[in-house]
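Data block below; observations after.
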Amino acid sequence: MKYLLKLWLTTLLVSPFLVCCLLAVSGNKEWINSGTAILLLSLMVLTGLTLSVPAMALIFILKAYLQKKNTTALKLKTLISLYAIAAIYITFVIADYTFVFSLRNNLWWPVVYCITALFSIFYFRIKTDTIQSQINRNEQPRTDT
C-alpha cells in the first residue's frame, strides 16, 4: 500500500509542477505570474486527485492479483507501468481529447505525467512478498520424535 501511495502522490504533485515549469519556459509568459501558476497548480492537483482514483484502485487490484501469482518485481513494475500509461492517456482523453489528438502545445501534458509515473514506478521499491511466501517463511520444520 505504501508503494501505491508513493506512486500516486509523486505523480499527482510532481507532474503539475513540471507542466507549469514547461509552460513558463515555453514562451507562455502568462504562466509566470505567481497567482496564475498557483491557481493552475491547485486546479491540476484537484482534477488529478479526482480523476486518478479509479485508475489507482485498478492498479491496487492489479498489483494484488499479480503478487498472488508470484510475479517478480520487474515484471510487476512493467505491467503496472503499461497500465499506468494507458490510464493516463485515457484520463486525458476523457478530460479533453485535444490533449492527445492535437498537435498543439498541450500534447506533451500527458507525456509529462507518463514520464513522472514511470520514474515513480521504477524508482520506488515494491514489496513483492506474497501471502504464500510469508506463510512458507513462518512455517517451522516439524520434528517428530
Side-chain angles (χ1 to χ4, degrees), residues 1-140:
M1 188 65 168
K2 284 184 188 179
Y3 174 78
L4 294 178
L5 188 60
K6 289 177 188 177
L7 170 64
W8 190 30
L9 290 177
T10 303
T11 306
L12 187 67
L13 299 175
V14 173
S15 297
F17 177 75
L18 291 175
V19 167
C20 283
C21 289
L22 287 172
L23 284 171
V25 298
S26 70
N28 292 330
K29 300 298 181 197
E30 67 268 11
W31 302 113
I32 296 174
N33 178 358
S34 62
T36 305
I38 291 172
L39 180 64
L40 179 65
L41 274 170
S42 302
L43 182 64
M44 291 170 72
V45 169
L46 289 174
T47 303
L49 180 67
T50 305
L51 295 176
S52 65
V53 170
M56 290 309 296
L58 288 175
I59 287 176
F60 177 80
I61 293 168
L62 177 67
K63 179 180 174 278
Y65 173 76
L66 291 173
Q67 283 182 323
K68 286 182 182 178
K69 298 286 187 185
N70 290 329
T71 307
T72 64
L74 180 61
K75 187 175 181 181
L76 183 61
K77 287 182 175 189
T78 303
L79 292 171
I80 288 173
S81 66
L82 292 173
Y83 171 76
I85 290 170
I88 288 168
Y89 274 95
I90 289 169
T91 301
F92 272 96
V93 168
I94 291 170
D96 184 2
Y97 72 93
T98 60
F99 280 111
V100 180
F101 298 112
S102 172
L103 296 177
R104 297 184 329 196
N105 288 339
N106 58 0
L107 176 65
W108 48 266
W109 285 42
V111 173
V112 169
Y113 275 80
C114 286
I115 290 170
T116 307
L118 289 174
F119 175 79
S120 301
I121 288 167
F122 287 99
Y123 178 76
F124 294 118
R125 194 168 149 240
I126 191 167
K127 186 177 178 183
T128 57
D129 283 349
T130 61
I131 294 171
Q132 187 60 42
S133 64
Q134 290 174 0
I135 291 170
N136 291 341
R137 267 188 275 137
N138 292 332
E139 285 181 0
Q140 300 291 328

* Asked: Going through the checks in order, is the side chain to side chain contact (heavy atoms under 4.5 Å, CB included) test met by Ile115 and Leu18?
  -> CA-CA 11 Å; Ile115 290 170; Leu18 291 175; over 6 Å; no
Identify the heavy atoms of [X] and [Y] that sit nearest to each other, and give their distance.
X      : Y     : result
Pro110 : Ile88 : O-CG2, 3.9 Å
Ala84  : Ile59 : CB-CD1, 4.5 Å
Pro54  : Thr50 : CD-O, 4.0 Å

Could you work out, with side-chain contact (heavy atoms from CB on, under 4.5 Å) as the rule, every residue matching [X], not counting sequence neighbours?
X     : answer
Ile90 : Ile94
Thr47 : Leu43, Leu51
Lys6  : Phe124

Distance, nearest 0.5 Å, that separates [atom1] of [X] from [atom2] of [Y]:
X     : Y      : atom1 : atom2 : answer
Met56 : Leu9   : CE    : CG    : 8.5 Å
Met44 : Leu13  : CE    : CG    : 11.5 Å
Leu76 : Ile126 : CG    : CD1   : 4.0 Å
Tyr3  : Ile121 : OH    : CD1   : 5.5 Å
Leu4  : Ser120 : CG    : OG    : 11.5 Å
Thr71 : Lys77  : OG1   : NZ    : 14.0 Å

* Within residues 8-17 or reaching into it, pairs that qualify as side chain to side chain donor-acceptor pair (under 3.5 Å) - sequence neighbours excluded ->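 Sorted result for residues 8-17: Trp8-Ser52, Ser15-Thr116.
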* Please identify each residue that fulfils ring-ring contact (aromatic ring centres under 6.0 Å, His included) with Phe122, with sequence neighbours left out. =>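 With neighbours one apart ignored, the set is empty.
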* With sequence neighbours excluded, residues passing ring-ring contact (aromatic ring centres under 6.0 Å, His included) with Phe119 ->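 Once residues adjacent in sequence are excluded, the partners of Phe119 under the ring-ring contact (aromatic ring centres under 6.0 Å, His included) criterion are Tyr123.
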* To do: Could you walk me through whether Leu58 and Leu62 pass the side chain to side chain contact (heavy atoms under 4.5 Å, CB included) test, one step at a time?
  => CA-CA 6 Å; Leu58 288 175; Leu62 177 67; over 6 Å; no
* Determine, step by step, whether Leu118 and Tyr113 satisfy the side chain to side chain contact (heavy atoms under 4.5 Å, CB included) criterion, reporting the C-alpha distance in whole Å, the side-chain angles of both residues, the deciding distance to 0.1 Å, and the verdict. => CA-CA 9 Å; Leu118 289 174; Tyr113 275 80; over 6 Å; no
